[in-house]
A.B. asks: 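This structure is in structure tokens; I'll ask about it shortly.
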There are 2 protein chains.
Amino acid sequence: MADLKTSHHPLFLREEELRYSIELMFFAYRDFTAEADTMLESRELGRAHHRVIYFVGRAPGINVSELLAILNITKQSLSRVLSRLIEDNYIRQDQGTTDKRQRLLYLTETGKALEHDVTMIQRRRFANAFKSVSIEDVKGFMAVMEALLDDKTLPLLRREPITRIKS
Amino acid sequence: MADLKTSHHPLFLREEELRYSIELMFFAYRDFTAEADTMLESRELGRAHHRVIYFVGRAPGINVSELLAILNITKQSLSRVLSRLIEDNYIRQDQGTTDKRQRLLYLTETGKALEHDVTMIQRRRFANAFKSVSIEDVKGFMAVMEALLDDKTLPLLRREPITRIKS
DNA sequence: GTTTTTAAGTCAGCCATGTTGACATATTTT
DNA sequence: AAAATATGTCAACATGGCTGACTTAAAAAC
């Protein structure tokens with residue numbers, strides 16, 4: 001399958017297209033994160049705090065091990081960020097029911113509000129970008145981004161992006 | 001999946017698609033950079049060094065101001081990285097001819113070799129990704145990534161080799 | 001039922017790479 | 001001659017990664 005498609009567009013494997021893509025990755029990621037960083041800064045939080053809040057918001061009741069697996073950082077690094085978020089009442093933790101060693105993480109109302117505000121900035125950027133391109137372009141974007149991932153990253157992603165039509 | 005083409009564009013602006021894109025950005029960027037970081041680490045260099053080497057390699061003879069404008073960091077931050085690269089003979093600097101205050105930057109042979117090796121890792125990742133998708137997907141990827149950029153970032157990108165204009 | 005493993009947390013310190021502010025030097029522009 | 005520009009430097013600080021060593025409580029294995 002990959003081989004069949006390869007023959008369709010050797011043109012794009014040329015040095016120039018690949019370098020252009022590398023640069024797009026650098027610049028787009030930087031611009032994408034900069035806006036949200038500014039908003040976080042006003043609350044004296046960093047990008048790391050947003051990541052934690054984001055993923056706890058995405059999966060309420062997630063435990064620390066699972067969060068570490070997603071973020072792929074050490075527990076010491078997470079601890080610094082998470083402690084702050086708990087202390088400032090963005091996140092609360094409950095003891096696990098089936099396994100009492102676990103700490104299950106939830107956003108507080110304050111946390112939900114912050115998550116919404118910051119993530120909104122990033123959603124808005126994508127919404128604007130998607131408005132200026134075709135639906136096929138969006139599909140292509142997702143296909144390429146997925147293809148860039150390590151195999152082990154795929155299970156960490158929420159599936160069912162485009163195709164599920166929810167009404 | 002079959003009737004994607006008949007879907008209305010606003011479908012893509014729904015919460016789920018936007019959040020999925022945010023996550024793709026996070027995970028894809030992380031996986032994209034991790035491989036190259038490992039190779040740099042073996043030479044005791046960081047991502048910041050690669051950026052400098054990359055952009056000097058892209059535009060030989062670039063001066064410090066232009067480089068700062070691309071990287072969008074302070075000259076103090078650049079200095080730390082650039083000094084190391086010059087000291088270790090990855091980059092050399094010549095005095096500008098028309099403006100003697102300028103330092104024009106060039107990769108040494110060592111620098112070119114490193115730039116090639118590290119950038120190759122990233123080119124390979126994109127080459128592999130592109131092989132697994134269609135040519136339209138690649139176009140879509142580029143269109144969306146461009147649309148994500150700040151307006152002021154666009155002029156920093158180029159498709160064709162070095163058309164640096166010194167004025 | 002004791003031992004081992006696991007989930008989570010903590011203390012201490014290191015490193016890379018960003019930041020600000022203040023200032024110096026050479027060169028170009030006005 | 002004065003002002004602006006290009007570059008560089010010293011010093012201090014913040015963020016968010018890292019390693020290593022160690023603790024506690026609970027679950028799992030024996």
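Below, read A as the first sequence line, B as the second, and so on, with proteins coming before strands; counting in each chain starts at 1.
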A.B. asks: Following the transitive rule for hydrophobic clusters with a side-chain heavy-atom cut-off under 4.5 Å over Ile, Leu, Val, Met, Phe, Trp and Tyr, establish whether A/Tyr106 and A/Leu78 coincide in one cluster.
C.D. replies: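 Each belongs to a different hydrophobic cluster.
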A.B. asks: Aromatic rings A/Phe26 and B/Phe55: how do their planes relate, parallel, tilted or perpendicular, breaks at 30° and 60°?
C.D. replies: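 A/Phe26 and B/Phe55: tilted rings.
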A.B. asks: Take atom CG of B/Leu78 and atom C1' of C/dA16, then tell me their distance rounded to the nearest Å.
C.D. replies: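 Value for this atom pair: 15 Å.
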A.B. asks: Could you tell me whether B/Ser65 contacts a base, only the sugar-phosphate backbone, or nothing, with contacts defined as non-hydrogen atoms closer than 4.0 Å?
C.D. replies: sugar-phosphate
A.B. asks: Within the 4.0 Å heavy-atom criterion, would you say A/Thr74 contacts the bases, only the backbone, or no part of the nucleic acid?
C.D. replies: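 Counting heavy atoms under 4.0 Å across all strands, the contact made by A/Thr74 includes a base.
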A.B. asks: Output yes when A/Arg43 and A/Asp88 qualify as a salt bridge under the 4.0 Å nitrogen-oxygen rule, no when they do not.
C.D. replies: no
A.B. asks: With nearest nucleotide decided by heavy atoms, which residue, B/Asn72 or A/Ser79, maps closer to the 5′ end of DNA chain C?
C.D. replies: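 Its nearest nucleotide being more 5', the pick is A/Ser79.
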A.B. asks: To the nearest angstrom, how far is A/Leu82 atom CG from C/dA8 atom C1'?
C.D. replies: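 From A/Leu82 CG to C/dA8 C1': 10 Å.
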A.B. asks: Which nucleotide, C/dT19, D/dG17, C/dG9, lies nearest any side-chain atom of A/Ala48?
C.D. replies: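 So the nucleotide nearest the side chain must be D/dG17.
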A.B. asks: Show your working on salt bridge (charged side-chain N to carboxylate O under 4.0 Å, His left out) between B/Arg19 and A/Glu115 and close with a plain yes or no.
C.D. replies: CA-CA 12 Å; B/Arg19 288 185 83 99; A/Glu115 195 283 325; 3.3 Å; yes
A.B. asks: Contact class for B/Gln93 (heavy atom, under 4.0 Å): base, sugar-phosphate, or nothing?
C.D. replies: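 Sugar-phosphate: the residue B/Gln93, judged by heavy atoms under 4.0 Å, touches backbone atoms but no base.
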A.B. asks: If you look at every strand shown and take non-hydrogen atoms under 4.0 Å, does A/Arg84 touch a base, only sugar-phosphate, or nothing?
C.D. replies: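 Touches nothing.
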A.B. asks: Of A/Arg51 and B/Val64, whose nearest nucleotide on DNA chain D comes first from the 5' end?
C.D. replies: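 Closer to the 5' end of DNA chain D: B/Val64.
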A.B. asks: Does any donor-acceptor pair link the side chain of B/Lys100 with the base of C/dT27 at a separation under 3.5 Å?
C.D. replies: no
A.B. asks: In this structure, how many angstroms lie between the C1' atom of D/dT5 and the CD atom of B/Gln102, rounded?
C.D. replies: 10 Å
A.B. asks: Quickly work out the B/Asp37 CG to D/dG17 P distance and round it to whole Å.
C.D. replies: 13 Å
A.B. asks: For B/Phe32 and B/Arg125, work out which heavy atoms get closest and say how close.
C.D. replies: CA-CD, 3.7 Å
A.B. asks: Do B/Arg101 side-chain and D/dT5 base share a donor-acceptor contact under 3.5 Å?
C.D. replies: yes
A.B. asks: Are the side chain of A/Asp150 and the backbone of B/Asp31 linked by a donor-acceptor contact shorter than 3.5 Å?
C.D. replies: no
A.B. asks: NZ of A/Lys75 versus C1' of C/dA8: gap in Å, rounded?
C.D. replies: 6 Å
A.B. asks: If you find the nucleotide of DNA chain D closest to B/Ser83 and the one closest to A/Arg80, which residue's nucleotide is nearer the 5' end?
C.D. replies: B/Ser83
A.B. asks: Please report the distance, rounded to the nearest Å, between CZ in B/Arg43 and P in C/dA16.
C.D. replies: 17 Å
A.B. asks: Nearest to the side chain of B/Asp99, which nucleotide is it out of C/dA7, C/dT27, D/dT9?
C.D. replies: C/dT27
A.B. asks: Distance check needed: D/dG16 P versus A/Leu45 CG, whole Å only.
C.D. replies: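 After rounding, the gap between these two atoms is 9 Å.
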A.B. asks: Closest to the B/Ile73 side chain: C/dT20, D/dT7, C/dG18?
C.D. replies: C/dG18
A.B. asks: Quickly work out the B/Arg47 CZ to C/dC15 C1' distance and round it to whole Å.
C.D. replies: 15 Å
A.B. asks: D/dT15, OP1 or OP2 - any side-chain N/O from A/His49 closer than 4.0 Å?
C.D. replies: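 No, outside the criterion.
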